[in-house]
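Down below is the structure, laid out as structure tokens.
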2 protein chains.
Amino acid sequence: MGVVVELNDGAVRVKNPTLRDVAQLAGVSIATASKALNGRDHVHPETRTRVHEAARLISFTPNALAQGLIAGQTGTVGLITGDLDGRFSIPILMGAEDAFGTGKMSVFLCDARGDAIREQYHLQALLSRRVDGLIVVGSTTNPRPSLGSDLPIPVVYAYAPSLDASDISLVADNEQAGSDAAAHLVKRGRIRIAHITGDAGYLAATDRATGVEIELARSGLTLVGGEARYGSWTEDWGRRATQQLLAEHPDVDAILCGSDQIARGALDILREAGKIVPDEIAVMGFDNWEIFTSGARPALTSVDMNLETLGRAAARRLFAAIDGDHSGGIQKLPCRVVVRETT
Amino acid sequence: MGVVVELNDGAVRVKNPTLRDVAQLAGVSIATASKALNGRDHVHPETRTRVHEAARLISFTPNALAQGLIAGQTGTVGLITGDLDGRFSIPILMGAEDAFGTGKMSVFLCDARGDAIREQYHLQALLSRRVDGLIVVGSTTNPRPSLGSDLPIPVVYAYAPSLDASDISLVADNEQAGSDAAAHLVKRGRIRIAHITGDAGYLAATDRATGVEIELARSGLTLVGGEARYGSWTEDWGRRATQQLLAEHPDVDAILCGSDQIARGALDILREAGKIVPDEIAVMGFDNWEIFTSGARPALTSVDMNLETLGRAAARRLFAAIDGDHSGGIQKLPCRVVVRETT
DNA sequence: CTGAAAGCGCTTACAG
DNA sequence: CTGAAAGCGCTTACAG
């Protein structure tokens, strides 16, 4: 029960107001106060008003801990990210936060930094706080170990799927993204298309490349040079690979890059080589990272992986799981091509 | 109390184990089980072992809600950010999450998106969850309205200080950062230094410019063109302003840019103009955003605002406030110059 | 329509 | 050294 602090201006001031204080001030029992505040039936309208007024007067905020203890549900979820640092987590996190926020849920954020020990530590803390569910955001698109199937709460894996197929996973459809990108270039009349991409150890790279080749084959085309050029996700690799590409295949008319950074590197070299983009050669990136696409000359066409949507979808899927829908499997979400000036 | 599910392999399996289950299994009272688990005195060593063993057997995890209800402290804090989107929040958030994590605190993350309504909504939710304290991360370095002084918990403002001087605020020292940057260039022998920076509506821009001018004055220098060139925080502005600068002052020997993006724009133009960096002209940025500094040709010298340290410091300051240290005021944290190839 | 009582899962004096 | 009892702040049958 709260401590009465002042009654200076006639108003009641209570330090840490509890339902007890509200009830007392309204002249009713705690039970009635609870029912009035929670909109339960069988409360006299006048009583209800009086209780609400009392609550307002002393700025009563119900203790969610006590409510959660009774309900067995806390209205909180945990979000464990592999690396906050990596920018891919952020939009997912934003989408999830947004979806939960409107659902009156609060989000515990934990950064595991790709460390399994730290992940276990955070998991334990979240279980102890009795979160209603968990979203695990991977640091790459590569599949990751499951948190286990004997947890007392549902888990949704986002971005990186769980290795356990019975878990619920939501990922971006990288293969489709590759196909969409290639289709866009083909539609623009390009026929000598090269693909410069990142580290072959990333499924994001190989899946996209697969999608690209499938789509090109549909139009009877193949990649310039016969295959995708793997390297790293950097501007520097974009530059080096483009230099090499121009030397080997001066007639290339489009470069599909595995990331916006690689595309920026490509644009730099093309400009220095005197190639006009997009007239002589088209360039395209992945990720649609505004900071890179809009600063480019000309503005860069890119594939947006819709990560914020992914985060929102993960949150909704978790809601469903909390409500009893335990069907597992990997769900792939579509991306979208954002056309700017380079294609 | 938990539901016993199996005793297949002789092991006891309990669904949602509570302290009651642990006590029962160990053959002691709930009170004794509690004391044993919490390392209280006056428990027979053998009893203690038995209780711990029982807890382990059924994977007992104490309910933090119940503990919090009793303790009046929840071991949770709220982190309200102005814009998750803006990349400045992230390092601060990482630093704070790190500091709290090692302090066994869990962090509620809320994204207010610069909307006062949403901020109030989140504040209410956090108060209801009885967080022990709050960190408010601004979206720009400009001062922001206080959350009010009648909150039942301490608040630390990070990045953007509170307008109320009695609040606790931690910010990066932009003026000092400007001075440090200028000092670095002077030490490198530059004497015709220009300053191209962002939107004059940002204190980050004007404070840094002030610091630059103060430091130059110390060496008897003034900015090329007499004043800082304000524009926007973009590569494009960096390009345009540099073009203009070269036209007006072809003898400039250093460009101090207000952000790494602006610096990237400057580097592009210098390269096209045939100016050798850093031999003929030095370039320097702010923010030390790795993605821009390391991709630059040559690699960009920049000022790191130490935001992760800022986040960590904010967390520690909040700990102190929770422990009763209520001294307010704005504390300015130092930045550091990260030297690469452009200076 | 209202309120006394039990209980959510735990901790802490207080007796034994 | 151990345990019965009270209590944290709330909600929900159950009587009145």
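Worth saying up front: this structure is predicted, and the values here are computed from it rather than measured. Letters go in sequence order (proteins before strands), and every chain restarts at 1.
No side-chain donor-acceptor contact under 3.5 Å links B:D83 and B:S139. With hydrogens and angles left out, the side-chain atoms of B:Q331 and B:S169 include no donor and acceptor closer than 3.5 Å. No side-chain N or O of B:T76 forms a donor-acceptor pair with one of B:R129 less than 3.5 Å apart.
Here the nucleotide nearest the side chain of B:V43, chosen from C:dG3, D:dT2, D:dG9, is D:dT2. Taking every side-chain heavy atom of A:L69 into account, D:dG9 is the closest of D:dG9, C:dC1, D:dC1.
Remark: B:I168 CD1 to B:H326 NE2 distance equals 7.0 Å, nearest 0.5 Å. If you take CG on B:N38 and CD on B:Q67, they are separated by 6.5 Å, rounding to the nearest 0.5 Å.
Here D:dC8 presents its C1' atom at 14 Å from CG of A:D21, a figure rounded to the nearest Å. At whole-Å resolution of the value, CG in B:L65 and P in D:dC10 are 14 Å apart. The separation between B:I58 atom CD1 and C:dG9 atom P is 13 Å, rounded to whole Å.
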Quick one: side chains of residues 307-318 of chain B, donor-acceptor pairs under 3.5 Å with protein atoms, not counting sequence neighbours, listed by atom name and distance.
| unit_1 | atom_1 | unit_2 | atom_2 | d |
| --- | --- | --- | --- | --- |
| B:R312 | NH1 | B:D98 | OD2 | 2.5 |
| B:R317 | NH2 | B:S327 | O | 2.7 |
| B:R317 | NH2 | B:S327 | OG | 3.2 |

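A salt bridge is absent between B:E53 and B:R50; no separation between the charged side-chain nitrogens and carboxylate oxygens falls under 4.0 Å. Salt-bridge formation is not detected for the pair B:R113/B:D115: no Lys NZ or Arg NE/NH1/NH2 atom is positioned less than 4.0 Å from an Asp or Glu carboxylate oxygen.
Phosphate contact (OP1/OP2 of D:dT2, side-chain N/O of B:T47, threshold under 4.0 Å): present.
Stem analysis of DNA chain D (at least three stacked-register Watson-Crick or G-U pairs, each with both distances under 3.5 Å) gives C:1-3 with D:14-16, C:5-12 with D:5-12, C:14-16 with D:1-3.
Ranked by how close their nearest DNA chain D nucleotide is to the 5' end, B:R130 and B:R50 are led by B:R50. Between A:N63 and B:H42, the residue anchored closer to the 5' end of DNA chain D is B:H42, taking for each the nucleotide with the nearest heavy atom.
The aromatic rings of B:F100 and B:F319 lie perpendicular to each other, with more than 60° between the two planes, well past the 30° mark.
Here A:H44 lies in heavy-atom contact (under 4.0 Å) with sugar-phosphate atoms only.
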message: At under 4.0 Å between heavy atoms, how does the protein contact nucleotides 11-16 of chain C? Give one character per nucleotide, 5' to 3', with B, S or -.
response: BBB---

